[in-house]
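All remarks here apply to the structure that follows.
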Amino acid sequence: MEYTEQLPKAEQPPRTSTGSDATRAPTERQRPLLEVRGVWKRFGGLVANHDVSLDVPAGRITGLIGPNGSGKTTLFNAIAGHHPIDEGSIRFEGREISRLRTARIARLGIIRTFQQTRVYRGMTCVQNMQISVPQAHETLASMLHRPTAASTERADELLEFTGLYGKRFMPAGELSFGQQKLLEFAMALMSEPRLLLLDEPTAGINPVLINGLVDRLRRANAELGITLFVIEHNMRVIMNLASHIYCMAHGEMLAEGAPEEIRNDPRVIEAYLGGR
């Protein structure tokens with residue numbers, strides 16, 4: 001699972017209002033940016049999350065892996081406010097958010113992407129970018145206003161950052177699936193998140209585009225100061241992207257540790273290969 005491909009040469013990063021302090025390694029006395037404690041989520045008789053706890057430190061890239069059906073996406077949905085938890089606590093910057101609505105959580109700085117892209121196919125890339133701003137900063141009524149010069153400039157910068165500047169006037173529906181994922185990533189950055197939840201960012205992407213996406217994820221973390229929490233099934237990618245990885249199975253937290261520890265953990269190997 002060694003990740004040896006050369007990443008493309010990095011362009012200049014777009015400007016951002018995110019402070020550089022977010023990129024610094026947290027000290028022992030700093031509390032995690034995101035704290036999940038004893039979370040339970042049931043759907044009828046199905047327990048999707050069973051007493052799940054984890055930390056996401058500020059300024060880091062944290063990974064979440066596990067077989068299909070292990071409860072990863074359910075946990076992401078709970079963090080982002082898509083459904084309430086049954087028991088436990090979810091705190092962001094020390095504040096309890098488990099009972100807040102999705103829009104309120106987004107305004108606090110948590111933005112989530114999905115396995116299947118959620119772009120407006122009939123709108124151009126620039127238009128998709130421009131309507132992403134109200135998600136975190138404005139009201140619904142502001143979506144009806146003419147975009148400002150500043151928001152258009154910001155959209156162009158981020159489209160260049162993701163390699164889509166040349167397609168900025170193309171309808172999003174005409175992009176490849178991989179390019180749509182890059183557009184969704186750019187749309188998320190438009191809201192200047194503090195924590196970005198990425199649900200399988202490389203799934204379904206042409207292998208040629210994966211290196212470029214991985215490069216931009218690293219740069220968003222290192223240069224823009226955005227903390228990343230990433231669900232990923234591509235083990236080669238996540239082992240070389242995240243500094244700390246959690247593994248779930250059957251709705252429970254199975255293991256956690258540095259990539260090398262997770263790579264060699266018998267419980268993780270059994271979870272992925274035991275049924276084969």
Side-chain angles (χ1 to χ4, degrees), residues 14 16 18 33-34 36 54 56 60-66 68 71-83 90 92 97 101-121 123 125 127-137 154-155 158-159 161-164 167 172-173 175-206 209-221 224-234 237-238 241-242 245-246 248:
T16 176
T18 305
L33 184 66
L34 177 73
V36 176
L54 57 80
V56 177
R60 302 285 186 85
I61 302 177
T62 301
L64 180 61
I65 65 172
N68 289 331
K72 306 182 302 296
T73 295
T74 297
L75 182 63
F76 262 34
N77 285 338
I79 295 169
H82 292 286
H83 55 61
I90 302 174
F92 179 65
I97 63 169
R101 295 180 180 273
T102 303
R104 178 58 180 151
I105 292 174
R107 285 193 290 272
L108 292 176
I110 300 178
I111 303 295
R112 184 219 200 285
T113 66
F114 296 83
Q115 294 178 30
Q116 298 299 319
T117 57
R118 297 194 176 187
V119 299
Y120 299 93
R121 298 175 59 85
M123 303 177 71
C125 293
Q127 289 170 331
N128 270 272
M129 297 290 288
Q130 290 167 336
I131 66 172
S132 298
V133 177
Q135 182 178 11
H137 296 299
R154 177 67 174 165
L158 289 170
L159 288 172
F161 177 68
T162 52
L164 294 175
K167 302 180 184 296
L175 299 176
S176 70
F177 182 73
Q179 291 169 336
Q180 288 183 25
K181 282 214 163 185
L182 285 169
L183 175 58
E184 187 179 38
F185 176 50
M187 291 165 65
L189 295 180
M190 194 75 175
S191 296
E192 297 182 347
R194 287 189 42 72
L195 173 62
L196 185 54
L197 308 177
L198 298 161
D199 195 344
E200 297 193 40
T202 70
I205 293 184
N206 186 312
L209 292 177
I210 288 179
N211 281 348
L213 176 57
V214 169
D215 176 48
R216 284 159 177 83
L217 294 180
R218 283 177 170 152
R219 292 180 57 210
N221 172 249
L224 306 185
I226 299 172
T227 301
L228 304 182
F229 190 20
V230 185
I231 293 175
E232 183 55 67
H233 274 296
N234 187 323
V237 168
I238 198 64
L241 181 65
I245 299 173
Y246 291 91
M248 293 183 66

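The structure presented is a predicted model; accordingly, all values stated were derived computationally and were not measured. FYI, side chains are in, hydrogens and waters are out, and symmetry mates aren't considered; it's all heavy atoms of this structure.
- With a 4.5 Å cut-off on side-chain heavy atoms, Ile90 and Leu34 count as touching.
- Looking only at side-chain heavy atoms (C-beta outward), Val237 and Leu213 stay at 4.5 Å or farther from each other.
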Glu232/Ile65 under side-chain contact (heavy atoms from CB on, under 4.5 Å): CA gap, chis, key distance, verdict:
CA-CA 6 Å; Glu232 183 55 67; Ile65 65 172; 5.5 Å; no
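- Note: Ile61 CD1 to Ile245 CD1 = 11.0 Å, rounded to the nearest 0.5 Å.
- With sequence neighbours excluded, no residue satisfies side chain to side chain donor-acceptor pair (under 3.5 Å) with Thr62.
- Looking at His233 and Ile238, their side chains never come closer than 4.5 Å, going by heavy atoms from C-beta outward.
- Residues passing the side chain to side chain donor-acceptor pair (under 3.5 Å) test with Thr73, sequence neighbours excluded: Gln115, Asp199.
- When all heavy atoms are compared, the tightest approach of Ile111 to Pro193 is CG1-CB, 3.6 Å.
- One finds the OG1 atom of Thr74 at 11.0 Å from the CD1 atom of Ile79 (value rounded to the nearest 0.5 Å).
- Put simply, the side chain of Leu175 does not reach to within 4.5 Å of the side chain of Val119, judged on heavy atoms.
- Contact between Ala188 and Thr113 at its shortest, heavy atoms only, is CB-CG2, 4.2 Å.
- Atom CG of Leu196 is separated from atom CG of Leu217 by 8.0 Å, given to the nearest 0.5 angstrom.
- Under a 3.5 Å cut-off, the side chain of Lys167 and the backbone N or O of Leu159 do not form any donor-acceptor pair.
- Between the CG atom in Leu198 and the CD atom in Glu184 there is a gap of 9.0 Å [rounded to 0.5 Å].
- Between Lys181 and Pro201, the shortest heavy-atom contact is CD-O, 3.2 Å.
- The two residues Ala220 and Phe185 come nearest to each other via the heavy atoms CB-CZ, 3.9 Å.
- Pairing each heavy atom of Gly81 with each of Thr102, the nearest pair is O-OG1, 3.0 Å.
- A donor-acceptor contact shorter than 3.5 Å links the side chain of Arg216 to the backbone of Phe161.
- The closest side-chain heavy-atom distance from Leu33 to Phe92 is below 4.5 Å.
- Side-chain atoms of Asn221 do not come within 3.5 Å of backbone N or O of Thr227 as any donor-acceptor pair.
- A tilted orientation is assigned to the rings of Phe76 and Phe229, their planes being inclined by 30° to 60°.
- Note: Asn211 CG to Ile205 CD1 = 11.0 Å, rounded to the nearest 0.5 Å.
- Side-chain contact between Leu197 and Ile110: present, with at least one pair of heavy atoms (C-beta onward) separated by less than 4.5 Å.
- Without hydrogens or angle criteria, Ser132 side chain to Ser191 main chain gives no donor-acceptor distance under 3.5 Å.
- Separating the CG atom in Leu164 from the CD atom in Gln180 is a distance of 10.5 Å, to the nearest 0.5 Å.
- Taking Asn77 as the reference, Arg112 meet the side chain to side chain donor-acceptor pair (under 3.5 Å) condition, with sequence neighbours excluded.
- Using a 4.5 Å cut-off on side-chain heavy atoms (C-beta onward), Gln127 and Ile131 make no contact.
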